[in-house]
> 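Pasting a structure below so you can have a look.
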Amino acid sequence: MKFITMFLLLSVLGADCQSFHRGNCPKPPVQDNFNVTKYLGTWYEIEKLPAMFERGKCNQATYSLLEDGTVKVRNEELLANGKINSIEGVATIKNSSQPAILDVSFFKGVPDAPYWVLSTDYQTYALVYSCSDYFGLFHIDFAWILARSRELTEEVVDQLHEELTAAGVNVKRLTVSDQTGCDVMT
Ligand SMILES: *[C@@H]1O[C@H](CO)[C@@H](O)[C@H](O)[C@H]1NC(C)=O
Ligand SMILES: *[C@@H]1O[C@H](CO)[C@@H](O)[C@H](O)[C@H]1NC(C)=O
């Protein structure tokens, strides 16, 4: 049964083979003393490891605090037909002594995705990593370089590439996000 599930997973996600790796997820260091309050607001996607569920451009994420202390996530993108596509989820800090490690859930019944803030200065950039283990055999990872504006200096991008490399991520797999012609986005 396990193998059937794995086969299905591989078939469904097969389009993105580059994100498959043998063994368990790396455990890179995360942002010290992460303060989620300072992290709230809008972030723009500058680069990412291929994520199939994003088809448009001008990708952005807005985080706001909910009354129960969890964080509302609103991801938006501009589709080729000019429509704005959005999806909402909830991010939760599972262990308050590790606040930079969150879980994000977008759909009921679908497992949460990990959301690790590897580093951020809250005002310019953020580096986010998400990795899931499957049966102890392989892992699939995603990463995002985010910024408070639709562009980020090369110096900062280089620094974040170094951090990802140290975490064992091949930065050649990153793709640059299109953040041009985004005037219709708020
Ligand atoms: C987190 O940041 C907020 C907003 O700047 C601040 O009011 C709060 O004291 C900070 N919390 C901690 C634990 O530093
Ligand atoms: C929370 O994190 C701390 C520090 O890493 C760890 O010692 C503790 O076991 C964790 N608690 C739970 C419930 O996982």
Side-chain angles (χ1 to χ4, degrees), residues 2 5-6 9 19 21-49 51 59-76 86-153 155-157 159-169 177 179 182 185-186:
K2 259 190 177 176
T5 312
M6 194 167 74
L9 253 172
S19 293
H21 312 283
R22 268 187 212 134
N24 285 319
C25 285
K27 300 274 182 286
V30 295
Q31 176 62 50
D32 279 335
N33 303 315
F34 179 68
N35 184 332
V36 75
T37 308
K38 291 189 196 166
Y39 191 76
L40 301 176
T42 300
W43 289 97
Y44 302 98
E45 184 188 279
I46 304 299
E47 292 187 3
K48 65 169 171 237
L49 281 190
N59 292 73
Q60 62 187 62
T62 302
Y63 303 92
S64 54
L65 212 51
L66 294 169
E67 270 173 31
D68 63 2
T70 59
V71 175
K72 186 173 116 182
V73 182
R74 182 178 171 80
N75 287 350
E76 290 169 288
S86 71
I87 177 174
E88 287 190 356
V90 174
T92 312
I93 296 169
K94 293 279 173 187
N95 182 341
S96 58
S97 59
Q98 296 174 313
I101 296 183
L102 296 100
D103 274 340
V104 180
S105 137
F106 281 104
F107 305 103
K108 280 202 177 74
V110 172
D112 291 2
Y115 185 106
W116 290 31
V117 182
L118 298 192
S119 71
T120 183
D121 67 353
Y122 305 101
Q123 284 157 13
T124 321
Y125 69 86
L127 179 61
V128 176
Y129 184 64
S130 176
C131 186
S132 299
D133 287 316
Y134 292 90
F135 320 110
L137 291 177
F138 66 96
H139 62 273
I140 299 175
D141 62 1
F142 299 94
W144 294 267
I145 291 176
L146 305 175
R148 286 297 194 188
S149 61
R150 294 194 190 272
E151 53 192 9
L152 197 53
T153 63
E155 285 89 338
V156 177
V157 170
Q159 175 203 321
L160 299 178
H161 282 179
E162 278 175 31
E163 278 183 48
L164 278 176
T165 303
V169 174
S177 308
Q179 291 288 355
C182 303
M185 308 287 283
T186 45

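Whatever order the structure lists ligands and atoms in, that order sets their numbers, starting from 1.
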> Please assess Q60 against R74 for the test side chain to side chain donor-acceptor pair (under 3.5 Å), listing each intermediate value before the final yes or no.
CA-CA 8 Å; Q60 62 187 62; R74 182 178 171 80; over 6 Å; no
> Rounded at 0.5 Å granularity, tell me how far CZ in F138 sits from CD1 in I140.
5.0 Å
> Check this for me: E151, atom CD, are more than 12 non-hydrogen atoms of other residues, nucleotides or ligands nearer than 6.0 Å?
no
> Could you grab the distance from atom CH2 of W144 to atom CG of L164, nearest 0.5 Å is fine?
11.5 Å
> Do any nitrogen or oxygen atoms of K38 come within less than 3.5 Å of a nitrogen or oxygen of ligand 1?
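The answer is no, given that K38 and ligand 1 share no N or O pair closer than 3.5 Å.
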> Classify the angle between the aromatic ring planes of Y39 and Y115 as parallel (below 30°), tilted (30 to 60°) or perpendicular (above 60°).
perpendicular
> Working to the nearest 0.5 angstrom, can you tell me the gap between F34 CZ and Y122 OH?
5.5 Å
> Could you please provide the protein residues found below 4.0 Å of ligand 2 on a heavy-atom basis, arranged by chain and number?
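Lining ligand 2: N95, S97, Q98.
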